[in-house]
Number of protein chains: 2
Amino acid sequence: MLDALISFNKKTLILFPNIDAGSKEMVRVMRKKGVEQHPNFRAVKHVPFEQFIQLVSHAGCMIGNSSCGVREAGAFGTPVINLGTRQTGRETGENVLHVRDADTQNKIYHALELQFGKRYPCSKIYGDGNAVPRILKFLQNIDLDEPLQKTFRFPPVKECISQDIDHILETQSALAVDLGGTNLRVAIVSMKGKIVKKYTQANPKTYEARIELILRMCVEATLEAVDFNCRVLGVGISTGGRVNPQEGVVLHSTKLIQEWSSVDLRTPISDKLHLPVWVENDGNCAALAERKFGHGKGAENFVTVITGTGIGGGIVQHGELIHGSSFCAAELGHIMVSLDGPECSCGGRGCVEAYASGLALQREAKRLHDEDLLLAEGMSLKKEEPVSAIDLINAARHGNTKADAVLRTAGNALGIGIVNILHTVNPSLVILSGVLASFYESPVQQVIGQRALSSAQGIRVVTSDLEEPALLGAASMVLDYTTRRTY
Amino acid sequence: MLDALISFNKKTLILFPNIDAGSKEMVRVMRKKGVEQHPNFRAVKHVPFEQFIQLVSHAGCMIGNSSCGVREAGAFGTPVINLGTRQTGRETGENVLHVRDADTQNKIYHALELQFGKRYPCSKIYGDGNAVPRILKFLQNIDLDEPLQKTFRFPPVKECISQDIDHILETQSALAVDLGGTNLRVAIVSMKGKIVKKYTQANPKTYEARIELILRMCVEATLEAVDFNCRVLGVGISTGGRVNPQEGVVLHSTKLIQEWSSVDLRTPISDKLHLPVWVENDGNCAALAERKFGHGKGAENFVTVITGTGIGGGIVQHGELIHGSSFCAAELGHIMVSLDGPECSCGGRGCVEAYASGLALQREAKRLHDEDLLLAEGMSLKKEEPVSAIDLINAARHGNTKADAVLRTAGNALGIGIVNILHTVNPSLVILSGVLASFYESPVQQVIGQRALSSAQGIRVVTSDLEEPALLGAASMVLDYTTRRTY
């Protein structure tokens with residue numbers, strides 16, 4: 001805490017601890033850090049009561065684990081940073097920001113940045129002082145001849161809290177980072193899910209260049225955010241590969257993103273920006289985006305399946321992501337629907353991804369094109385032009401039966417993969433996301449109708465209407481955690 | 001509560017409520033039920049303090065929502081039934097049995113049966129009264145010249161609680177019911193997982209005959225349990241079909257158990273036996289059995305796959321079963337591993353069950369036998385004898401390549417089905433259960449080695465060593481819930 005306060009560089013009044021266990025050690029640390037000589041600090045043993053409440057009322061921020069912070073300071077709307085768990089379970093005003101595991105300078109520094117100089121509505125945890133007139137008014141209004149049934153309601157503090165949420169919705173925002181195979185993108189995302197500004201660069205091939213670019217783009221975005229009246233609360237990162245979100249580490253990534261295994265993303269970014277950082281796999285981010293901003297809102301159990309270049313996804317059960325024991329749950333592209341089947345980029349065979357991904361369709365389109373079988377009446381395509389999944393879909397629409405057969409198999413494979421998910425975790429909703437989503441919606445519904453158990457038929461299959469699931473999901477980690485007001 | 005007390009038929013002292021909201025209504029109900037005239041009841045408005053503590057100390061049981069029950073009664077070890085949620089969150093002694101949703105006569109009646117006449121060790125929630133000698137002894141033992149660091153520890157109440165758990169382990173037990181396609185089995189299962197006695201009958205074909213037989217077998221077992229010094233705490237039922245365990249209802253069952261859809265199992269059994277009843281699908285029961293008594297002990301995320309006549313299973317995530325949105329999660333036999341493949345009993349095609357279940361292997365064995373291709377050197381089998389999966393395995397072991405090919409495909413299909421589970425929920429452990437489990441262990445491990453993503457390779461695959469997973473799982477629902485001391 002002292003290190004954080006020293007680097008925060010504001011005039012600070014320190015109250016010496018009471019004569020409790022450990023107080024001598026605290027004084028020793030304060031002496032060692034030189035706070036008594038530091039020009040910003042003044043350390044005192046006692047402040048008379050009348051002066052003390054003046055100080056509490058006018059402080060830019062209070063920090064520590066004193067009950068005065070969680071109780072009395074609320075009456076003045078003074079911002080408070082409550083450290084550790086000593087006050088856990090006590091009712092507090094909204095002026096209190098908890099830093100439960102307050103062991104790092106960095107977290108406390110960020111909490112100071114969030115709280116200092118803020119002003120909260122007075123929290124009425126002791127009531128508003130107007131009980132007597134209210135009781136009188138009530139007594140005057142009722143018929144005292146009849147017996148009364150006692151009823152309860154919570155004190156009317158709702159209003160001031162909702163005012164504060166409006167304020168948060170208007171100004172508070174997240175920095176979202178999306179690390180894809182091709183591009184590195186950073187966006188400022190508002191609490192309401194609006195992408196205020198987006199920055200795109202090619203994703204560098206080496207670890208060093210990539211980290212440097214991420215930091216540069218994040219710093220730039222943070223500075224620009226001020227111009228948009230956005231207060232950046234933290235950084236959320238969506239990345240390809242397997243991620244340990246508790247540690248903020250990319251465990252392993254395929255060749256799609258080079259030099260991207262055993263990478264601690266949280267530490268360098270948090271150190272540079274003094275902001276909390278969350279990291280999650282891109283498939284899981286898409287599911288988080290649906291949960292907060294999309295079709296998944298309010299759904300207890302749902303699955304997002306992303307059909308793009310590859311196939312990925314995320315599974316939400318009881319409102320939370322399933323990560324699994326080694327953070328490789330929801331590898332939905334590698335559900336196998338064939339004992340043999342085409343080779344997959346994972347080294348396996350017969351994976352859904354090997355049938356139904358953009359790459360798989362492109363491979364088939366190229367094969368047909370090479371054999372001069374892709375074109376149909378009404379279509380034109382130069383021999384040398386690279387072909388894509390879209391050309392295949394086009395050809396099928398123009399009556400090319402070979403292209404149609406390929407797409408049927410792809411839809412069938414994806415549908416069966418999704419039925420396998422239904423028979424495993426039984427969600428109430430499947431959200432198809434990614435560029436091919438709308439194309440697959442109807443074949444998937446058809447396969448479910450034909451091949452799922454009747455008890456799983458009640459499932460809804462929809463196409464996502466979010467434009468940037470990875471960025472929105474990354475932002476949602478920041479926005480959800482910070483509004484819970486606990487790191 | 002009054003209905004339960006009337007049918008419980010013991011001498012009862014009722015304390016009239018204080019003059020609080022609703023007290024008039026309570027008195028009105030008491031009058032209506034005639035408790036003032038009832039020979040078992042005496043209702044009083046006040047008991048002097050000295051007499052009151054005598055009454056508390058000697059009562060067979062206290063019932064209500066008074067704080068005296070959860071606090072003072074503990075000092076005497078008097079059994080208490082605490083109704084509703086008014087006292088939730090308060091520290092209580094182990095003498096208290098909570099009935100949180102106390103809206104049914106039945107639950108309260110059963111709670112009375114469990115608690116009445118019991119005696120608990122005194123719970124020392126106010127301390128044991130020996131603080132002064134302990135402080136003196138401590139002060140005499142330390143060097144008062146040196147400064148001291150304050151440390152904390154919890155009060156030494158562990159001992160008396162563990163004594164009580166020993167008592168529970170010795171005498172408390174569950175009635176387990178297993179409703180299979182062929183047999184109806186009931187067992188008395190002790191807290192340690194020992195099957196004390198087992199009863200087996202053919203499962204009748206009609207709903208009425210089946211319910212009647214279940215009730216008769218349960219009553220008989222409950223009566224016999226007394227001879228084995230077993231105190232039956234409740235009934236756990238494992239059944240084929242899709243189950244809503246919250247309601248205790250079988251939603252739908254296949255033809256394997258006839259007349260077995262939309263069946264409320266809880267009400268008739270609970271009404272007849274005055275015991276709480278839990279109902280769960282047999283695959284889920286097998287997983288619960290592994291969690292409490294088998295390889296799943298202490299595993300956060302694991303999957304049980306049962307290979308018997310059919311294929312089923314259960315998925316445990318964060319220590320709890322995944323049920324899904326319509327209670328059809330973990331239909332692991334109907335994971336499809338082929339776009340086409342053999343027809344399955346579910347109406348689909350290419351399900352794991354259609355390749356690897358006992359029925360599927362029997363079908364293939366019969367086909368080979370009919371074509372005179374099953375026998376290998378050193379084997380004998382009469383033409384008319386019915387063949388089984390075991391004959392197929394035998395033939396393969398004796399060098400029959402056709403039988404071997406069938407088994408290879410089966411092992412491959414099951415392995416791929418399990419890889420699909422790994423890529424969906426990423427457990428740390430797969431437990432194979434059922435008659436074919438040990439046969440499949442090695443093929444499944446092989447397929448995982450070949451076809452699972454490297455990040456999912458760390459999985460352990462083991463064969464269950466539980467002899468009666470369905471019965472043990474059914475019992476575990478009773479034993480786990482009742483030791484949590486909350487319905």
Side-chain angles (χ1 to χ4, degrees), chain A residues 20-22 24 147-151 242 251-252 299-302 315 317 322-339 341 346-351 355 409 412-413 416-417 419-429 450-459, chain B residues 20-22 24 147-151 242 251-252 299-303 315 317 322-339 341 346-351 355 409 412-413 416-417 419-429 450-456 458-459:
Chain A
D20 280 332
K24 278 199 181 169
L148 279 176
Q149 174 60 47
K150 194 159 67 174
T151 59
R242 193 158 54 95
L251 298 170
H252 177 76
E300 267 270 283
N301 305 329
F302 72 90
I315 303 175
Q317 270 269 330
I322 290 190
H323 284 106
S325 59
S326 58
F327 306 103
C328 75
E331 284 286 0
L332 306 180
H334 303 291
I335 290 178
M336 288 177 275
V337 294
S338 165
L339 296 180
C346 72
R349 282 188 165 281
C351 298
Y355 285 102
T409 307
N412 213 7
I416 288 176
V419 171
N420 285 347
I421 301 170
L422 306 190
H423 292 174
T424 309
V425 291
N426 183 212
S428 62
L429 173 69
Q450 288 159 359
R451 299 186 66 161
L453 294 175
S454 60
S455 45
Q457 296 273 355
I459 185 103
Chain B
D20 280 332
K24 278 200 180 169
L148 279 175
Q149 174 61 46
K150 194 159 69 174
T151 58
R242 191 158 55 96
L251 298 170
H252 178 77
E300 267 270 281
N301 305 329
F302 72 90
V303 173
I315 303 174
Q317 271 270 329
I322 291 190
H323 283 105
S325 60
S326 58
F327 306 102
C328 73
E331 283 286 1
L332 306 180
H334 302 291
I335 291 179
M336 288 177 275
V337 294
S338 165
L339 296 179
C346 72
R349 280 186 167 281
C351 298
Y355 285 101
T409 307
N412 213 9
I416 289 178
V419 171
N420 285 346
I421 301 170
L422 306 189
H423 292 174
T424 308
V425 292
N426 184 213
S428 62
L429 173 69
Q450 289 159 358
R451 301 188 63 163
L453 294 174
S454 59
S455 44
I459 184 103

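Chain naming here is simple, since letters A, B, ... match the order of the sequence lines and numbering starts at 1 in each.
Proximity to chain A is limited to the backbone of B/L422, based on heavy atoms less than 4.5 angstrom apart. Residue contact with chain A, scored on non-hydrogen atoms closer than 4.5 Å, involves the side chain of B/Y355 exclusively. Within the 4.5 angstrom heavy-atom criterion, only side-chain atoms of B/L453, from C-beta onward, approach chain A. Looking at B/I335, the atoms closer than 4.5 Å to chain A (heavy atoms on both sides) sit in the backbone and in the side chain alike. Interface remark: B/R451 contributes backbone and side-chain atoms alike to the contact with chain A (heavy atom separation under 4.5 Å). For B/Q317, the part lying near chain A is the side chain, with the backbone staying farther off; criterion is any non-hydrogen pair under 4.5 Å.
Between chain B and the residues A/G348, A/P427, A/A452, the most heavy-atom pairs under 4.5 angstrom are made by A/P427. Your options are A/H252, A/E300, A/R349, and the one with the most heavy-atom pairs under 4.5 Å with chain B is A/R349. For the set B/I322, B/N301, B/T424, the entry with the most heavy-atom pairs within less than 4.5 Å of chain A is B/T424. The choice from B/V425, B/L339, B/V419 that makes the most heavy-atom pairs within less than 4.5 Å of chain A is B/L339.
Within the structure, side-chain hydrogen bond (donor to acceptor under 3.5 Å, both in side chains) pairs that include any residue of residues 325-336 of chain B comprise A/N426-B/S326 (at least two apart or interchain).
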